[in-house]
Each structure stands twice: as structure tokens, then as C-alpha cells.
Peer 1: 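Structure below; questions to follow.
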Number of protein chains: 2
Amino acid sequence: MTCTTPHAPNSPKRAAILDGAVKCFMEHGYAATSMDSVATAACVSKATIYAHFSSKADLFAAVIIHRCEMDLTNEAHWPEVGTDARASLSKVGRLLLSFFIQPDTLAIHRVVVAESARQPDLANAFWDAGPGKSCSKLFDLFEELGRKELLIIPNPIAAALSFAHLLKGEIFFCRLLGLPEGTERMTFDETVETAVDLIMKAYAP
Amino acid sequence: MTCTTPHAPNSPKRAAILDGAVKCFMEHGYAATSMDSVATAACVSKATIYAHFSSKADLFAAVIIHRCEMDLTNEAHWPEVGTDARASLSKVGRLLLSFFIQPDTLAIHRVVVAESARQPDLANAFWDAGPGKSCSKLFDLFEELGRKELLIIPNPIAAALSFAHLLKGEIFFCRLLGLPEGTERMTFDETVETAVDLIMKAYAP
DNA sequence: GTCTATAGAGCGATAGAC
DNA sequence: GTCTATCGCTCTATAGAC
């Protein structure tokens, strides 16, 4: 059992605490979130939180892992690889970029990056449960594209990472900083199209 | 004059405060940094800080802009564009990725991203003084490569952003999260080489 | 397990002497 | 301008009743 506390993981109070804590941490960050505000948001007393989680840092770690578990890889929206590489990449590209710029994804990214320097274990757990896992799915896709000879890919890992980082372009960073809409110089569609174009030019048979 | 306080911008105490605050904010983040710790780091009293900066948020904004001013675009290390597109891209790629993964760059990125949701003005100022300015330099480079017909670039902005985001790949994110060395699946050299290869394949005459 | 109440420490910001 | 001293508040975590 990998439960972080000796308590029932399906306890309704525990779930309420996690839900309340997610909102607080995402909105205000780790340090600026008080256990009182979590208690209020979860409609429980502060002492109840400490009955389920040994400290604020422990609660934070549980929240992050909890969020990762409802993540991209579990949504099973990954499209099938057909016979058209460009169409497959476009579909996956739109899916990935949509996910990247979701407000919740951005909020998680902000708090984890901010705290990773002070909580290295959390950063590792986040990597394993989040980006690391999503990357594996993308590796599989590129390997399949190579196996079906729809693309010629000497190094599927380099290709998959290139595609992912082309997608996670300027639009992601602008949203992450909360800049006014329109600051980015490439739209959603242009970003996906540019990424797909580059990959196709580099790896098309 | 755009000085944030009515005090002499070259005051030695003011400089000491900024230097001390940079270290504190970068190491501990915004919320976890106390004005007392800044005072200690700067070897001044807390009241002196408030004589130069009206609030903690004001000090933080001044620190971020101060850091951006000693940034990439002011170092004038940008290489000349010769007659070899691949060599130029490699040189610039190594320069950019080196800059991206500097500890100070990572630390600034962490704190600004973390606070941007709560201090939108700061995010805008950071964008203008930092990434926005660096991007312009990169646009110029790609336009020159196009003008010299070393590359065929229909859209220099898309090409420059693609190159930048290919470079700012997995290695940057792993360092940002403080993951153990070796977690990333592509080395520094492989990242630069992959980025240059993709751009060359897409835009070579 | 869950609550109310509170301990004990640290915070941002200021008053007043010099 | 710079200091020491302190105010008023909020914080994490716990004690003790039920």
C-alpha cells in the first residue's frame, strides 16, 4: 500500500480536504496558502486536516500526485494511428496543446516548478506521475509511426521530444505568465501546424 | 526618469538591498522570503529597506527588472552570421541553451512564473525586459539568414520560435524541476544538434 | 475522528530617536 | 537616511473535550 497516511484513502473528509487544498494551492501557491484557508474551503476543522496529513508539505505532495492521477494519460483520448502520419500528428498535436494550456495544467505547473527547488522528492514524484508518463505515450506513437513506415525515424525519442517542445511553444509560456490574450505571436492553430510541418519535413519518407 | 523610488538609483545601500534581495527571492521564492532575511543579507536594517522600497511587492518587482537588465541581450555575445547557416545556428543554439540552463536563469524563471498569477504587471514587465527582448534578437538572425538566402524562410517568426522551443527542451525542464542529473534523455549536445538538424531540414534551400 | 481554543513563533510595516 | 524597538496580525501545529 502506498497510501500516504494510515487513514482510509476513500474517507469522505480526506477527499474534501484534497479538493479544497487543490483549489487553494493552485490559486495562491504553496507558501501563501494557509491551513486555515484549506480548512474553510474543505468545510472541516484544521485539526481534521492534521489527522489525515502530517504537515502542510505532506498535504501539498498528496495534492500534486492526486491531480496527476486525473491526468492526460488516463483520459484515453489518444487517437489511433491510421495510415496518414500528418493527420495523426495533427490530432495528437491539438490534444497535447489543448492539455498544456488548460488553466489547471498551468496552475499545477506554476506551483510545482516554484516549490521543486525546496521539495526535490515532490519534483521527482511529479515527473514520474505527470510529464514522464505522458512522454512515454508519445514515444509509443512515434515508434508505431516508424514501424508502419509512415515516417523514417532514426531516433524516436528525439523526434517525440522535438514534437512535444514545438507544441509547448510561445502560447504556453504566455498563458503561464498570464499575459494578455494576443501577446503570443502564433495562434493555437499556427503552433500545431508549424510543429507538424517541421516533423513531417524532417521525417517523411 | 523611471526610477521606482524617489531615492538616488545609485545609492550604495539601495544596491546592497537589491543584491541581498536577489539572493533571498531566488533561493526561497517570494512568499517564503521575509523582509528580515533580506535586511540580514543586505546588512541593513529593515526600516532602511522601507525607506527605498514602499513594500515587499515593490522590492520584488525591482529585483526582477534589475536581473533582466544584466541579461542575454546585453551580453553582446551573439555571433555574426557568416556564410554557413548550420554553423551559425549551432553557435547560437549553444549560446541560448547555455543561458537557459544557468542556475540564475532557472531561479528567475521559477519565481516569476510562480508569482505572475498574482502580480500581472510584474509578468508583463518581465516579458518585455526578458524573453520578449531575446526573441527579437533571434528574429533578426533568422531574417538575416533568409535575406542572405542561406535558408528559405517563409515565416521568420515561426522559424525563430520553433528553434528556441526546440532548444528549450527536456534538459531545461529537468533542471527547472531540479531533477537528478541524467534524468533527461537527451544531452546538451544532442539537444542542440537535433534542433539545428530539424531547422536545416525544414528550411535549407 | 472531529471539533474549539490556543500556544508559540514569525510576519509586514511603522514610530521615534539620532 | 538609518537605526532599534515594537505593534498588530497571521501562521503552523497541538492540547484536550467529545
Side-chain angles (χ1 to χ4, degrees), chain A residues 1 3-64 111 114-115 118-119 121-122, chain B residues 1 3-64 111 114-115 118-119 121-122:
Chain A
M1 300 308 222
C3 184
T4 56
T5 76
H7 305 270
N10 295 327
S11 153
K13 292 274 182 188
R14 189 188 153 92
I17 294 167
L18 281 174
D19 283 351
V22 164
K23 285 177 199 145
C24 292
F25 283 131
M26 286 193 180
E27 187 171 353
H28 303 109
Y30 177 75
T33 293
S34 73
M35 295 298 260
D36 277 307
S37 70
V38 174
T40 302
C43 298
V44 299
S45 76
K46 203 162 45 166
T48 300
I49 301 178
Y50 281 98
H52 288 266
F53 302 93
S54 66
S55 69
K56 185 182 172 179
D58 185 38
L59 172 61
F60 183 63
V63 161
I64 298 301
V111 293
E115 287 312 304
R118 287 169 289 285
Q119 304 191 39
D121 291 349
L122 172 69
Chain B
M1 297 310 224
C3 186
T4 56
T5 73
H7 305 271
N10 295 326
S11 153
K13 291 274 181 188
R14 188 188 153 93
I17 294 167
L18 280 173
D19 283 351
V22 164
K23 285 177 198 144
C24 291
F25 282 130
M26 286 193 180
E27 187 170 354
H28 302 109
Y30 177 75
T33 294
S34 72
M35 295 299 263
D36 276 308
S37 70
V38 174
T40 302
C43 298
V44 300
S45 76
K46 202 160 49 164
T48 301
I49 301 178
Y50 282 97
H52 287 266
F53 303 93
S54 66
S55 69
K56 186 181 172 182
D58 185 38
L59 172 60
F60 184 63
V63 161
I64 298 301
V111 295
E115 288 311 306
R118 287 169 288 286
Q119 304 191 39
D121 290 349
L122 172 68

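Per chain, numbering begins at 1; letters A, B, ... match sequence-line order. All values reported here derive from a predicted model rather than from experimental measurement.
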Peer 1: Does A/T48 have a side-chain nitrogen or oxygen under 4.0 Å from the phosphate oxygens OP1 or OP2 of C/dT2?
Peer 2: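 Negative; the distance criterion is not met.
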Peer 1: Where do N or O atoms of nucleotides 10-13 of chain C meet protein N or O atoms at under 3.5 Å, pair by pair?
Peer 2:
| unit_1 | atom_1 | unit_2 | atom_2 | d |
| --- | --- | --- | --- | --- |
| C/dG12 | OP1 | B/T33 | O | 3.2 |
| C/dG12 | OP1 | B/K56 | NZ | 2.9 |
| C/dG12 | OP2 | B/M35 | N | 2.7 |
| C/dG12 | N7 | B/K46 | NZ | 3.3 |
| C/dA13 | OP2 | B/Y50 | OH | 2.6 |
| C/dA13 | OP2 | B/K56 | N | 3.1 |
| C/dA13 | O5' | B/Y50 | OH | 3.4 |
| C/dA13 | N6 | B/K46 | NZ | 2.4 |

Peer 1: Run the side chain to side chain contact (heavy atoms under 4.5 Å, CB included) test against B/D19 and tell me which residues pass, sequence neighbours left out.
Peer 2: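 Listed in chain order: B/H66.
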Peer 1: With sequence neighbours excluded, what pairs up with A/V111 under the side chain to side chain contact (heavy atoms under 4.5 Å, CB included) test?
Peer 2: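 Residues passing side chain to side chain contact (heavy atoms under 4.5 Å, CB included) with A/V111: A/F60, A/I64.
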Peer 1: The criterion is side chain to side chain contact (heavy atoms under 4.5 Å, CB included); which residues satisfy it with A/A16, sequence neighbours excluded?
Peer 2: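 Checked A/A16 against side chain to side chain contact (heavy atoms under 4.5 Å, CB included); zero matches.
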Peer 1: Quick one: which residue pairs count as a salt bridge (Lys or Arg N to Asp or Glu O under 4.0 Å) with a foot in residues 23-35 of chain B, not counting sequence neighbours?
Peer 2: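 The answer is none; no pair qualifies.
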Peer 1: What is the separation between atom CD1 on A/I17 and atom C1' on C/dT2, rounded to the nearest whole Å?
Peer 2: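 These atoms are roughly 10 Å apart.
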Peer 1: Donor-acceptor pairs under 3.5 Å, side chain of residues 37-47 of chain A to any protein atom, not counting sequence neighbours: which ones?
Peer 2:
| unit_1 | atom_1 | unit_2 | atom_2 | d |
| --- | --- | --- | --- | --- |
| A/S37 | OG | A/S34 | N | 3.4 |
| A/S37 | OG | A/S34 | O | 2.7 |
| A/S37 | OG | A/S34 | OG | 3.4 |
| A/T40 | OG1 | A/D36 | O | 3.0 |
| A/S45 | OG | A/T48 | N | 3.4 |
| A/S45 | OG | A/T48 | OG1 | 3.1 |
| A/K46 | NZ | A/D36 | OD2 | 3.3 |

